[in-house]
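Everything on this sheet refers to the single structure shown next.
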There are 2 protein chains.
Amino acid sequence: MSGTKAKRQPRADARRNMHALLDAAMEVFATSGVDAPIREIAEKAEVGVGTLYRHFPQRSDLIVAVFRKEVDACAAAASIMAEQYEPGEALERWLDRFIEFVAAKRGLSAALHSGDPAYDPLPAYLMEHLAPAASRLLQAAATAGVVRSDVEAPDLLMAVAHLCSPDGKGGITEASRRMVSLLIDGIRYDARGQP
Amino acid sequence: MSGTKAKRQPRADARRNMHALLDAAMEVFATSGVDAPIREIAEKAEVGVGTLYRHFPQRSDLIVAVFRKEVDACAAAASIMAEQYEPGEALERWLDRFIEFVAAKRGLSAALHSGDPAYDPLPAYLMEHLAPAASRLLQAAATAGVVRSDVEAPDLLMAVAHLCSPDGKGGITEASRRMVSLLIDGIRYDARGQP
DNA sequence: TTAAATACGGAACGTCATTCCGTTTATCAA
DNA sequence: TTGATAAACGGAATGACGTTCCGTATTTAA
């Protein structure tokens, strides 16, 4: 007998529903914010609420799962950008992607500040997964000589996040985009008259 | 006919209930956070929920009213401290009072980030009312030579607020108090070896 | 093919915020 | 003091929501 038991694999319909729920939740959260009724999500996934609760016993479990999935997608985008574009443009395009991610978190910052311990690990998760991705892009761009080499990935992510999620609820503002543009210009060599 | 009509004064029982509701809400919010059921507040005020809604049509109206009342009380405390203590101690004691205020805002920061426009004016209200109070104390202390004169009141308030309300939910932590202590030491002349 | 394990659906429950309306109370002029 | 009237009160009713429960349906493995 092994301490870690090899349980039967999850049933096919269970996996299917699980993915349907995640997709539906992602869409509903993006449209109506994280406060959207859980029934709406079950409906969009064409699943009963009982099934939803089987997979995500608490509402926060669903929110956490969607958050992680989106963080992972954002991290994966970094590799894709790195492959398809030269270092400078890859970094820029990925930051745009990251801005989109942050801006889509309408209402989530409220959840993060709600005091519910379920959300405590999320900021760390974000940093742990996105900082390495950002760091690779930064280093590649620095090596190519298009950005400064003294910019730390966590600082950059925090700065962009703060510039983009300021007060209101609605999506990304023009002001946010302009501020991030300034930030990016500050990172470039050629904007500072340096070699 | 006058444009501004002189309506009859509010009825006596109405005023009484209004105050009872504010007091009850203050107590309940402090005990159970701003998410406490509205019925609990009505009960503690010995009033029906209908009466509560007559005075505060939306839940947020009650929260806003309590917030403002507490800001006002904190601002008023500044004058009292200034009268009763010498400048250095007055500033220190008032900051303690301010810390208490910030720490008691359990759950309110979530409301502030909820995107509900009802709460948008609150941060400005806080600054407008507390910064002048803090400024007077700072200037008095600076004139008396016990603190530096280059500290701006809004900066001080923001710094203390950030040090005290960081992540958890529970009341003020020992760590917060220590950090604020350090901040205050940094404001003193005698801690820097300056005249 | 069949029995057990697993998963499903959605009605039912308890909790809230909010509304509605019949009843009570304070106010003021007579 | 009294009576009419506007103002305010109380709490049952409503509707939305999160969560639980359990009888039924489906998948899996032998």
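By convention in this document, chain letters (A, B, ...) are assigned in the order of the sequence lines, proteins followed by strands, and residues within each chain are numbered from 1.
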note = Assert: residue with more 5' nearest nucleotide on DNA chain D, out of A:A12 and B:R39, is B:R39
Starting at atom [atom1] of [X], determine the distance to atom [atom2] of [N], rounded to an integer number of angstrom.
X: B:R59; N: C:dT19; atom1: CZ; atom2: P; result: 14 Å
X: B:E43; N: C:dT15; atom1: CD; atom2: P; result: 13 Å
X: A:L21; N: C:dA7; atom1: CG; atom2: P; result: 13 Å
X: B:Q9; N: C:dC28; atom1: CD; atom2: P; result: 9 Å
X: B:Y53; N: D:dT14; atom1: OH; atom2: C1'; result: 13 Å
X: B:F56; N: C:dT19; atom1: CZ; atom2: P; result: 16 Å
X: A:D35; N: C:dA17; atom1: CG; atom2: C1'; result: 15 Å
X: A:Q58; N: D:dT20; atom1: CD; atom2: P; result: 7 Å

Around [X], counting heavy atoms of other residues, nucleotides and ligands shown, do more than 12 lie under 6.0 Å from its [atom1]?
X: A:E43; atom1: CD; answer: no
X: A:E86; atom1: CD; answer: no
X: A:E46; atom1: CD; answer: no

message = Judged by each residue's nearest nucleotide on DNA chain C, which is more toward the 5′ side, B:I38 or B:P10?
response = B:I38
OP1 or OP2 of [N] versus the side-chain N and O atoms of [X]: is any pair under 4.0 Å?
X: B:N17; N: D:dA8; result: no
X: B:T51; N: D:dA8; result: no
X: B:H55; N: D:dC9; result: yes

request  = Measure distances between side-chain N and O atoms of A:R11 and base N and O atoms of D:dT26, and say whether any donor-acceptor pair falls under 3.5 Å.
outcome  = yes
request  = Answer with yes or no whether B:R54 presents, from its side chain, a donor or acceptor under 3.5 Å of a partner atom in the base of D:dA7.
outcome  = no
inquiry  = Please find the pair of heavy atoms, one from B:C74 and one from B:W94, that lie closest to each other, and give the distance.
reply    = O-NE1, 2.9 Å
task = Work out which heavy atom in A:V47 is nearest to a heavy atom in A:L52; give both atom names and the distance.
result = CG1-N, 4.0 Å
remark   = Out of D:dT19, C:dT18, C:dC8, minimum distance to the side chain of A:A14 belongs to C:dC8
